[in-house]
Amino acid sequence: MSDALGIERPQAPFGRRVAAVTARIEHGPYVSLTVRDSGGPRPIAGQFYMLQTVEDWGGGVDGRPYLPRALSFARVEQEGDGLLLDFLLEDVGPGTHRITELAVNDEMLIAGPFGNGFELNAASWPILVAGGIGLAPIVALDDEIRDLDGVRATIFVGMRTNEHASAAAHYGLEHELATEDGSSGVRGYVTELLAPLLSAKNADHVVYACGPPPMLEAVRSICAEHEISCQLAMESGMACGFGACFGCVVPTHDGYTRLCVDGPVLDGDKLDTALVAGAGH
Amino acid sequence: MSDALGIERPQAPFGRRVAAVTARIEHGPYVSLTVRDSGGPRPIAGQFYMLQTVEDWGGGVDGRPYLPRALSFARVEQEGDGLLLDFLLEDVGPGTHRITELAVNDEMLIAGPFGNGFELNAASWPILVAGGIGLAPIVALDDEIRDLDGVRATIFVGMRTNEHASAAAHYGLEHELATEDGSSGVRGYVTELLAPLLSAKNADHVVYACGPPPMLEAVRSICAEHEISCQLAMESGMACGFGACFGCVVPTHDGYTRLCVDGPVLDGDKLDTALVAGAGH
Amino acid sequence: MIAFCGIELSNPVINGSGTFDALAARRVFGEAFERDFPFSAYVSKTITLEPRAGNPPPRLWELGQGMINSIGLPNKGLARFIDEDLPEYATLPAPLIVSIMGFKPEELVTMLQLLDGRDEIAAIELNFSCPNVKTGNIVGSDPVESEAMMTELRPHSTKQLIAKLAPSTSRPDLVAAAAESAGADAISLINTLPGMAFAPGSKEPWLGAGSGGISGPAIRPVALGQVARVASTVRIPIVGMGGVENGRDAAALIDAGATLVAVGTENFRDPAAGNRIASELLQIRGDRVATV
Amino acid sequence: MIAFCGIELSNPVINGSGTFDALAARRVFGEAFERDFPFSAYVSKTITLEPRAGNPPPRLWELGQGMINSIGLPNKGLARFIDEDLPEYATLPAPLIVSIMGFKPEELVTMLQLLDGRDEIAAIELNFSCPNVKTGNIVGSDPVESEAMMTELRPHSTKQLIAKLAPSTSRPDLVAAAAESAGADAISLINTLPGMAFAPGSKEPWLGAGSGGISGPAIRPVALGQVARVASTVRIPIVGMGGVENGRDAAALIDAGATLVAVGTENFRDPAAGNRIASELLQIRGDRVATV
Ligand SMILES: Cc1cc2nc3c(=O)[nH]c(=O)nc-3n(C[C@H](O)[C@H](O)[C@H](O)COP(=O)(O)OP(=O)(O)OC[C@H]3O[C@@H](n4cnc5c(N)ncnc54)[C@H](O)[C@@H]3O)c2cc1C
Ligand SMILES: Cc1cc2nc3c(=O)[nH]c(=O)nc-3n(C[C@H](O)[C@H](O)[C@H](O)COP(=O)(O)OP(=O)(O)OC[C@H]3O[C@@H](n4cnc5c(N)ncnc54)[C@H](O)[C@@H]3O)c2cc1C
Ligand SMILES: Cc1cc2nc3c(=O)[nH]c(=O)nc-3n(C[C@H](O)[C@H](O)[C@H](O)COP(=O)(O)O)c2cc1C
Ligand SMILES: Cc1cc2nc3c(=O)[nH]c(=O)nc-3n(C[C@H](O)[C@H](O)[C@H](O)COP(=O)(O)O)c2cc1C
Ligand code: FES
Ligand code: FES
């Protein structure tokens, strides 16, 4: 698969490999972890990895985690022969808890990059919408856009509080901010920033969004209303990440679709709703 | 139950309680951990506790440990209203591994003291025989003997190497040492120290022993040969420690006996053999 | 208060048969144990007509989320149980449910008859499902066998009879319905799931008896599924068990359709688990528990 | 080399049906996947005569030592499978075993007939044991049903037929013996164990389908016990599976009597688990593996 810019969808190395943590930074309730990946190709924005720790994977709530966890990369940098992959996490359960506990030099097992990634359409003015931890692939996409000549994205970020928003600042994202508690930026939901821009219809837009299901659904329906195409980076519970288990399906107009291989980025117009059962937390 | 000296067998508080680690010292391959027990009575030598960590109990080999682990206390000291309990451990699997990883202030859940303990017979000259990690209850018993007037024990300690033997030195045990590799003391098994003394038959002896099954069996048969009574602190796999599961039985002349409530100290003359299936490692 | 088989219970948490020896616990823990008795009713370890030594050790194998046991129903036999233990059980601060098992129907009939006059006994659990004795779990996994057995036993007891079923069936609902139709007053499930383990590096099974029964959190989803399925079929109350570690697990079994919840393996990790789980449940459910 | 159902396999490690989509994996992993193909034979996801969408999500629930799935056999139906997928499978570097399931015997007969002429297929696995479709696991847990079914199917296929049994029985040995007597060429077990989970704090089952099948290390002792029991009864080869994570687990199943070992859930944690387990097994067993 290649996107509109001709970027080939990178193929993952077969199997999983060890990747050591090189940095760990807290951003309010979020944690960014950088790992060194000496075995994989450069991923495209929206792709994700399946991660687990080498030590002590298990033994948390009800003995979990057992399966690896899906995480979008937020930033990728070349380092020598390998890559530095940056992940942004929220501790919402035993798996993310264990991963956010890692320290520099601790090791993970990673597989990937998996999934399709965003199909960047450089002919249209990109609008990037991030909600909460959904910031991760939006950072990666903005990085890709910045590498292009003459294209700049409008970026809207929605966060619960100012504290959460510190993650967006960390990545140096030029964005407009909405916080739910009004502690920074506009008070309210990020879609309240998006709606007026789309109503104005000043340009040919494509919306790229990642965030919690209710936000994605709001984005989808606003875009549908304005007949603007949108690409939604979605979530669902995943066991494998490479199409083996059929566990991650979401309902689309084409029936149940495996989000790990046919997503995680789906066109908004393929969906009746982005409110997927069992996704989000 | 009360022993020959009139010491009542202490009753455990009902349930389990939190006990924090106050000290951790390595002795070669062994680790001694001291915990503060503010809820339990003073135990008698040979009694044991069921222990598990508050955090991260599980997630090791095959997701274990799950059940608590049985550990004899090695030393008890009064501290204010409570007790300092000293345990001596060898890391032989996921449970002991997790416990020996604990640091000062980490917390355990403990239940006990359980089991019968040694029945100290002060009328006879006590001979204490410890093999390896079986040192723990022998230290406790020697401490009890030292509190008595006019009784002193002869103590034989067998260890794999000089390194292991450092644990005996740590507890200030006045003992004769045998090491399997001859790196300290006499080269050989501890029973080679015991046998000549019993053959000499200079006094009325009782032998108290704890160690690996083959050692206990050697002690039992030497004592049987010389018609000297012996009390063996034994091991078997335990799930509960308080008589609930019937899992810890060992065969005796009275049939299968629950080692946790009718032991762990058994009279040698109740046994055909101290080589118990599934015990030891 | 919860009504179950004609008994009034202060909360829905009891013990699983064979996972708590109240007489041993009284000796180990003393008065505190009687004061804080952990269960609203006490279920004895399964008794057989003749004494049994149980299976050869080792009898335990630990799993990441549970254990396998091959205890094999050691017990002193019914006669000594009645003479020595019943009077002691009668002094416990909770109604007594006696668990029994027989190798032939006649044995169970005899046992029921001998127990029938004893007022110390609030109800009898029929263990149709022990994996650790030969033929143990056949009755409790087969609708035909379980109906035939209940039909034969029912006339011989005026006690409330609880049929404890085996999880080794694809249709626990049919087995339960068969027991109900033949006169069972309640259903209890699940017993341990048959399983086996090899010692690391060994080609011999670890357990002295070769195989055993799995219990603990590992079997919780099986228990939940079977309780839900049985609850959708029978009208008599259900004692749900399997891997209950806390109030949340107990609440899930109650939501699945259980009237009472039994705690088994968790007792080994926490002798006072019964009390703890009952109070966690109360916290989760508040007064609703009482009306379940 | 290991002889199994007339195929020569380079090692005893294959995949469990429905736990590895080789066609998807080829797209995701590319050439490296074909070069290091993880299994000595490849078992397809179970195919039905008609296309199926599968069960509504959520379809996954994680356990401490495994998971519950309620996938529900989504597949494109036999016709499209034969047209679109079979040619692709034929280019994989391993013999192909096709797993099929039917809701009525006639469906299975039709499927066997349509597959019979296809040389791409080395053997057929009859999934008598899916817990995620109604009536799925009855045949595989009942000796009478499984004998009747095999007797009906046998004449319609010249392929080697592997009967995949359900673990929900107290007598897997009898079910396997019945399948053997009616002409099965091999037995494969265990399929997932039926189970259920509630979301924390919710009174509704988590899985879209209500309940599902447990897999992973949680069911390993069940698998070991059932494989041992079946092995002591049948003479045809056994594909053992259930919770295999490493060479040690595979060795234990072989010691229990399996000829081949299938890896299921562990593939999700390690896409190359098959290769890893085969080489761990070789290290544990050395040449002995080849002669098992
Ligand atoms: C493609 C993709 C990309 C993602 N990218 C990111 C990212 O960049 N950063 C990030 O922080 N997260 C990301 N996520 C989400 C992340 O994978 C989940 O938050 C994580 O898997 C949760 O695991 P956990 O163990 O921490 O919590 P869990 O407890 O496993 O999950 C939380 C939720 O799962 C449900 N749940 C509870 N118990 C169970 C159980 N036993 N089994 C199954 N479900 C249960 C509940 O709804 C719970 O609230 C991504 C997900 C996908 C699919
Ligand atoms: C009364 C008593 C007092 C004790 N006192 C002490 C003491 O003072 N100090 C001390 O260090 N130890 C003591 N022990 C021994 C200690 O309890 C064990 O070493 C400990 O339980 C081992 O647990 P583990 O998880 O570390 O290793 P495990 O792996 O659980 O146990 C080691 C052995 O158990 C067997 N095994 C392997 N896997 C399993 C499994 N899945 N399930 C069951 N068995 C398995 C094997 O034989 C293995 O070699 C005492 C034991 C008893 C009964
Ligand atoms: C060590 C042990 C012994 C048991 N003995 C009996 C018994 O004698 N009779 C019986 O009906 N069930 C017996 N059981 C089964 C339990 O009562 C219970 O059904 C099962 O363990 C599931 O519950 P749990 O997961 O909470 O332990 C025993 C279980 C264990 C672990
Ligand atoms: C997600 C998933 C899907 C499965 N689908 C099928 C299937 O289509 N057909 C089948 O016979 N077994 C299916 N199984 C069962 C496995 O083949 C295997 O029997 C079972 O998972 C036990 O092995 P494991 O513990 O190694 O996973 C499935 C299992 C899982 C986890
Ligand atoms: S996560 Fe397994 S198929 Fe998508
Ligand atoms: S350890 Fe449970 S009865 Fe002894």
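Every chain is numbered from 1 and lettered A, B, ... according to where its sequence line falls, protein lines coming before strand lines.
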Colleague: If you tally heavy-atom pairs under 4.5 Å against chain D, which of C/Ala252, C/Gly210, C/Ala218 wins?
Modeller: C/Ala252
Colleague: Which one wins on heavy-atom pair count under 4.5 Å against chain C: D/Pro172, D/Gly225, D/Pro205?
Modeller: D/Gly225
Colleague: With a 4.5 Å cut-off on heavy-atom pairs, point out which of D/Leu224, D/Val227, D/Leu63 contacts chain C the most.
Modeller: D/Leu224
Colleague: With rounding to the nearest 0.5 angstrom, report the CG to CZ distance, C/Leu253 to D/Phe198.
Modeller: 8.0 Å
Colleague: Tell me yes or no: between the side chains of C/Ser141 and D/Ser170, is some donor less than 3.5 Å from an acceptor?
Modeller: yes
Colleague: So, do C/Ile68 and D/Pro221 sit near enough that their side-chain heavy atoms are less than 4.5 Å apart?
Modeller: yes
Colleague: For the residue pair D/Leu193 and C/Val222, establish whether any side-chain heavy-atom pair is separated by less than 4.5 Å.
Modeller: yes
Colleague: Once rounded to the nearest 0.5 Å, what's the spacing between atom CE of C/Met196 and atom CD of D/Gln226?
Modeller: 11.5 Å
Colleague: Can you tell me how far CD1 of D/Ile219 sits from CD1 of C/Ile219, rounded to the nearest 0.5 angstrom?
Modeller: 14.5 Å
Colleague: CD1 of D/Ile214 to CZ of C/Arg220: how many Å apart, nearest 0.5 Å?
Modeller: 11.0 Å
Colleague: If I measure from the heavy atoms of chain C, does D/Ala256 come under 4.5 Å with its side chain, its backbone, both, or neither?
Modeller: both
Colleague: For D/Thr233, check side chain to side chain contact (heavy atoms under 4.5 Å, CB included) against everything at least two apart and list the hits.
Modeller: D/Asp173, D/Ala177
Colleague: For the residue pair D/Ser202 and C/Asp255, what are the closest heavy atoms and their distance?
Modeller: O-OD2, 4.1 Å
Colleague: With rounding to the nearest 0.5 Å, note down the distance linking CD1 in C/Ile254 to NZ in D/Lys203.
Modeller: 9.0 Å
